[in-house]
Amino acid sequence: MEQLPPRADFDNVVALTGAGISVAAGLGTFRGPDGLWTIAPDVERAMHAEYVPGNIDLMWQVWGGMHEQAQEAGPTPAHRALAVVQAQVITQNVDGLHHTAGSHDTIEIHGSAGRARCLLCPWNGPAVEAARASGDPRPRCPRCGELVRPSVVLFGESLDEAALAAAQHAAVSADLFLAVGTSGRVAPASWLAPMARAAGATVINIDPVPGDPGPAFHHQVTGDAQQVLADWAG
Ligand code: APR
């Protein structure tokens, strides 16, 4: 297993994280033999915009459940390590664990399951506000009473343009770009490592599954992000 280079050798560390970094908090990954989609195929309905609003209960069950589980478990050593080394975090995860770990400027490019937005009016805010306002199991808008959905980006929806621009700016400004716990299969997040490489960064993948992470990467550290990042942050 190759090691990560010393943190002190870099000025601007950027980490793109995926589901793998939150496995230790009890959350599943999406793909692979024990991925959510393999063990519970109906979960995928919660991830596609074409099924909204019919899938809104499933969305709260999947995304709301994921966020609750994460907040109960709390950040993992890997989330904390990225905060300690003051990495700029870009995450595909919607569990809020990087913020809780202290990476308060995390760029949540797939949104957050801790936030909700109204299906009808412009309201958006903390999901707990909607739950409190509703008085029924289906969280409703505190402003107009309509149903609300988790503020997560679904397949078929575009990312928040400001978040994507911030992520791309961070990637091309990095001198060390780490991809942590992501299969790198979903665009536009998967464009970031190649952008960082083209801008001259050292680009390293962290994943326990051995393999070639692709041409954007200088190498892979094959291991559990929990161990790799906790050791690296010292
Ligand atoms: N440490 C590091 N990596 C890990 C660990 C671990 N302990 N455990 C699993 N992994 C790796 C897996 O090997 C896999 O490569 O995490 C990766 C998870 O990949 P995916 O399940 O595809 O998750 P992700 O890349 O985050 O998915 C991207 O797709 O489903 C959509 O919007 C959803 O944000 C998600 C996006």
Side-chain angles (χ1 to χ4, degrees), residues 1-4 15-52 55 58-59 62-63 65-67 70 73 75-82 87 89-98 106-115 149-160 163-164 167 178-193 204-214 216-217 219-233:
M1 162 174 107
E2 301 216 24
Q3 299 301 323
L4 286 174
L16 169 68
T17 66
I21 199 172
S22 294
V23 164
L27 300 185
T29 58
F30 294 102
R31 298 169 181 84
D34 55 355
L36 277 173
W37 294 355
T38 311
I39 57 179
D42 60 325
V43 159
E44 234 200 304
R45 271 178 56 83
M47 302 186 176
H48 291 267
E50 65 191 279
Y51 300 120
V52 176
N55 63 347
L58 184 61
M59 282 184 78
V62 171
W63 299 113
M66 187 182 282
H67 190 263
T76 69
H79 290 94
R80 295 189 192 284
L82 289 177
V89 178
I90 303 163
T91 191
Q92 301 170 90
N93 301 338
V94 295
D95 56 34
L97 287 176
H98 285 296
T106 293
I107 302 167
E108 295 178 311
I109 54 171
H110 290 170
S112 169
R115 297 185 63 79
R149 54 166 279 185
S151 284
V152 298
V153 179
L154 302 180
F155 286 114
E157 293 178 330
S158 46
L159 276 63
D160 173 83
L164 181 56
L178 303 176
V180 185
T182 177
S183 60
R185 304 264 289 275
V186 173
S190 56
W191 301 343
L192 296 173
I204 299 173
N205 194 46
I206 301 173
D207 199 300
V209 175
D212 174 5
F217 293 87
H219 70 261
Q220 170 166 309
V221 175
T222 302
D224 179 343
Q226 301 305 322
Q227 196 62 52
V228 172
L229 290 177
D231 292 350
W232 188 56

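All ligand and atom numbering here is 1-based and tracks the order in the structure.
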Query raised in the report: With no hydrogens and no angle check, do the side chains of T17 and Q92 hold a donor and an acceptor under 3.5 Å apart?
Result: no
Requested in this report: Please name all residues satisfying side chain to side chain contact (heavy atoms under 4.5 Å, CB included) with Y51, sequence neighbours left out, ordered by chain then number.
Outcome: R45, H48, N55
Query raised in the report: Side chain of N93, backbone of G18: donor and acceptor closer than 3.5 Å?
Result: yes
Show the short N or O contacts, below 3.5 Å, that ligand 1 makes with protein N or O atoms; if there are none, say 'none'.
| unit_1 | atom_1 | unit_2 | atom_2 | d |
| --- | --- | --- | --- | --- |
| ligand 1 | 1 (N) | A225 | N | 2.9 |
| ligand 1 | 7 (N) | D224 | OD1 | 3.1 |
| ligand 1 | 13 (O) | D207 | OD1 | 2.8 |
| ligand 1 | 13 (O) | D207 | OD2 | 3.3 |
| ligand 1 | 15 (O) | D207 | OD2 | 2.6 |
| ligand 1 | 16 (O) | G181 | O | 3.2 |
| ligand 1 | 19 (O) | S183 | N | 3.3 |
| ligand 1 | 21 (O) | F30 | N | 2.7 |
| ligand 1 | 21 (O) | R31 | N | 2.9 |
| ligand 1 | 22 (O) | R31 | NH1 | 2.6 |
| ligand 1 | 22 (O) | S183 | OG | 2.6 |
| ligand 1 | 25 (O) | T182 | OG1 | 2.7 |
| ligand 1 | 25 (O) | S183 | N | 2.9 |
| ligand 1 | 25 (O) | S183 | OG | 3.3 |
| ligand 1 | 26 (O) | A19 | N | 2.8 |
| ligand 1 | 27 (O) | R31 | NH1 | 3.0 |
| ligand 1 | 29 (O) | R31 | NH1 | 3.2 |
| ligand 1 | 29 (O) | R31 | NH2 | 3.1 |
| ligand 1 | 32 (O) | H110 | ND1 | 3.4 |
| ligand 1 | 34 (O) | Q92 | O | 3.1 |
| ligand 1 | 34 (O) | H110 | ND1 | 2.9 |

Query raised in the report: Shortest non-hydrogen contact from L27 to A70?
Result: CD1-CB, 3.8 Å
Query - Test item: side-chain donor near acceptor, T91 and T106, under 3.5 Å - result: no
Query raised in the report: Where do P75 and L97 come nearest, in terms of heavy atoms and distance?
Result: N-CD2, 3.7 Å
